[in-house]
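All residue numbers in this chain count up from 1 along the given sequence. Note that these values count all heavy atoms, side chains included, but never hydrogens, waters or copies made by symmetry. None of the values given here were measured: they were computed from a predicted structure.
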Amino acid sequence: MEELHGSFDEKIAYLKEQLRADENFDIIYRCFLIGNRSACVYFIDGLVKDEIMQKLLQYFGDTKPEDVPEDAYEMLKKHLPYIEVDKFTKVEDILKNILSGVPCLIIDGYKEVIAIDCRTYPARSVSEPEKDKAMRGSKDGFVETVVFNTALIRRRIRSPKLIMKMMEAGKSSKTDIVVCYMQDRVNQKLLDTITKKIESIQVDSLTMNQESLAECLYRQKWLNPFPKFKYSERPDTAAACILEGNIIILVDNSPSAMIVPASVFDIIEEADDYYFPPITGTYLRLSRFLINIVALILTPTFILLTDHPNWIPNGFEFIMTKEPMNIPLIWQFLILEFAIDGLRLASLSTPSMLSTPLSVMAALVIGEFTVSSGWFNAEAMLYMAFVAIASYTQASYELGYALKFMRIIILILTSLFELYGYIGGIILTCLMIICNKTIDGRSYIYPLFPLNSKKLLRRFFRVSLPKSENQ
């Protein structure tokens with residue numbers, strides 16, 4: 001990397017040209033005197049704490065010539081003892097710090113440039129996330145500023161063995177990435193693999209933040225829709241995963257944590273499972289498992305029983321459609337699957353003040369009119385309503401859409417091949433889950449395979465295990 005060299009005026013002119021300070025209104029440089037020495041500071045307007053900059057400039061302006069040190073080290077030691085500071089000579093390091101919001105001070109006669117970290121980023125409050133809510137427990141959540149997110153984790157884990165390693169990726173974006181882990185509990189082989197992959201990322205920018213990073217970390221074919229990572233916007237969940245030996249990856253400008261490795265049991269777990277007594281937590285967890293399974297096979301089972309009404313058990317004849325079907329049942333379900341996603345996408349773009357009246361109108365007009373007009377049967381609407389509500393019982397969007405894709409495949413196979421298609425679709429779904437691998441190459445259904453009975457028991461039931469057991 002090239003070093004910043006030349007006279008004071010040449011350094012100022014070079015940085016001014018590289019930063020295009022005359023074209024960028026928010027890149028500000030301020031020249032002044034420190035004692036009898038010329039000085040200039042570069043910073044980004046809006047990313048600096050004005051009060052600190054004002055006090056620094058006032059302090060430097062009052063410095064007497066005999067009090068000005070002869071080198072940057074003495075300046076840091078005697079005149080900047082209370083602020084996070086550093087010194088650089090490489091042009092790339094200086095430009096990176098300035099563009100990250102760190103003011104850089106150039107003093108005539110000093111070889112090094114002094115970086116004064118008094119930056120501040122625009123940020124929202126650490127309120128509870130909209131999606132990843134819990135009925136009990138803490139009500140704070142991750143935000144888009146990575147330093148705030150690391151502080152939320154540090155607040156919960158007060159151990160010197162908690163390591164937060166700063167890295168970066170992206171030639172243009174230089175996105176900050178923080179890898180968090182417990183030094184004495186982490187899988188060292190997996191940690192080395194992840195850090196090497198992050199260091200070797202050759203992209204211009206992480207355009208989509210965590211998703212871009214995930215695709216860089218796992219470059220295999222994404223034919224299997226089941227997620228390889230678990231995401232959480234809750235700092236208490238992230239802290240618990242770190243204590244269990246997992247690795248947390250935080251990406252600047254992203255309000256969630258990426259948890260690796262993650263099996264299907266890890267992804268299904270939620271904070272409420274642990275914020276209630278064991279019997280209640282067990283009930284919530286088992287309910288979530290059963291609801292997801294029922295939502296996966298409910299509509300294909302209805303199609304199968306409609307084609308073979310003699311298979312319906314005695315006393316359940318009421319599940320059959322009462323009205324004639326103008327549109328084949330398979331097309332009704334497929335249209336409703338896409339319609340539900342359309343309503344979900346529309347709700348994201350609907351102003352909050354209109355969301356309630358539009359929801360009521362959609363329920364009355366779409367629900368009632370489509371049945372009475374003959375487009376859909378009431379039974380199809382009922383079962384798809386259950387499926388739509390069931391998709392919100394777990395927080396993972398990725399897992400929800402994976403189950404949705406598999407449900408559509410089972411629907412189509414059942415419609416084409418009846419019982420054989422129904423069984424084949426379920427087997428295909430099981431194979432997708434069983435043959436999937438976590439990012440460290442372990443089984444996606446561990447501890448079911450390979451079997452670890454104690455940990456498998458804990459996955460389904462909130463039970464207490466011996467303290468000596470390795471988590």
Going by atom types only, do [X] and [Y] share a side-chain donor-acceptor pair under 3.5 Å?
| X | Y | result |
| --- | --- | --- |
| Arg344 | Ser391 | yes |
| Asp440 | Thr438 | yes |
| Asp266 | Ser263 | yes |
| Tyr274 | Glu269 | yes |
| Ser256 | Gln210 | yes |

In a table with atom names and distances, give each donor-acceptor pair under 3.5 Å that connects a side chain of residues 402-417 to protein atoms at least two apart or in another chain.
unit_1, atom_1, unit_2, atom_2, d
Lys404, NZ, Glu337, O, 3.1
Lys404, NZ, Glu337, OE1, 2.6
Lys404, NZ, Asp341, OD2, 3.3
Arg407, NE, Glu337, OE2, 2.8
Arg407, NH2, Glu337, OE1, 3.3
Arg407, NH2, Glu337, OE2, 3.4
Thr414, OG1, Ile410, O, 2.7

I want to check something: taking the side chain as every heavy atom from C-beta on, are [X] and [Y] in contact at a cut-off of under 4.5 Å?
| X | Y | result |
| --- | --- | --- |
| Asn436 | Ile445 | no |
| Tyr110 | Pro69 | yes |
| Lys87 | Leu76 | yes |
| Glu130 | Lys133 | yes |
| Phe60 | Val41 | no |
| Ile106 | Phe8 | yes |
| Arg20 | Ile27 | no |
| Glu398 | Tyr231 | yes |

Considering non-hydrogen atoms only, spot the tightest contact between [X] and [Y] and give its length.
| X | Y | result |
| --- | --- | --- |
| Arg119 | Ser100 | NH1-O, 3.3 Å |
| Lys197 | Leu217 | NZ-O, 3.0 Å |
| Asp252 | Asn209 | O-OD1, 3.8 Å |
| Val178 | Met166 | CG2-CE, 3.7 Å |
| Asn292 | Ala390 | OD1-O, 4.1 Å |
| Ala395 | Glu270 | N-OE2, 3.0 Å |

Run the ring-ring contact (aromatic ring centres under 6.0 Å, His included) test against Phe265 and tell me which residues pass, sequence neighbours left out.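 Result, ring-ring contact (aromatic ring centres under 6.0 Å, His included) vs Phe265: Phe460.
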
side-chain contact (heavy atoms from CB on, under 4.5 Å) between Phe88 and Ile114, worked out: CA-CA 7 Å; Phe88 301 100; Ile114 299 174; over 6 Å; no

Less than 4.0 angstrom from a charged side-chain N to a carboxylate O is my criterion; do Lys16 and Asp22 meet it?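 Salt bridge: yes.
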
Please determine if Glu128 and Arg234 form a salt bridge, counting it only when a charged side-chain N lies under 4.0 Å from a carboxylate O.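 Judged by the 4.0 Å cut-off on N to carboxylate O distance, Glu128 and Arg234 do form a salt bridge.
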
Counting only heavy atoms from other residues, nucleotides and ligands, does the tally under 6.0 Å from NZ of Lys139 exceed 12?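 Enclosed.
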
Check this for me: Lys96, atom NZ, are more than 12 non-hydrogen atoms of other residues, nucleotides or ligands nearer than 6.0 Å?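 Count not over threshold, so no.
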
Stepwise side-chain contact (heavy atoms from CB on, under 4.5 Å) check, Met208 with Glu215: CA-CA 10 Å; Met208 303 308 296; Glu215 294 179 11; over 6 Å; no

Does the salt bridge (charged side-chain N to carboxylate O under 4.0 Å, His left out) test come out yes or no for Glu3 and Lys90, once each step is laid out? CA-CA 4 Å; Glu3 290 190 358; Lys90 306 295 184 182; 3.4 Å; yes

Just by modelled atom types, is the [Y] backbone N or O under 3.5 Å from a matching donor or acceptor in the [X] side chain?
| X | Y | value |
| --- | --- | --- |
| Arg442 | Lys437 | no |
| Thr150 | Val147 | yes |
| Thr145 | Phe148 | no |
| Lys11 | Asp108 | no |

Quick one: is the NZ or CZ of Arg459 closer than 6.0 Å to the six-membered ring centre of Phe289, and within 45° of its axis?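 Negative - Arg459 is either too far from the ring of Phe289 or too far off its axis.
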
Check the pair Lys111 / Asp71 against salt bridge (charged side-chain N to carboxylate O under 4.0 Å, His left out), numbers first and verdict last. CA-CA 8 Å; Lys111 180 181 177 181; Asp71 56 39; over 6 Å; no

Evaluate side-chain contact (heavy atoms from CB on, under 4.5 Å) for Ile434 paired with Tyr444, printing each intermediate quantity in order. CA-CA 6 Å; Ile434 295 172; Tyr444 197 59; over 6 Å; no

CG of Asp140 to OG of Ser127: how many Å apart, nearest 0.5 Å?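 Separation between the atoms: 9.5 Å.
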
Just distance, no hydrogens or angles: give the donor-acceptor pairs under 3.5 Å from side chains in residues 43-50, sequence neighbours left out.
none

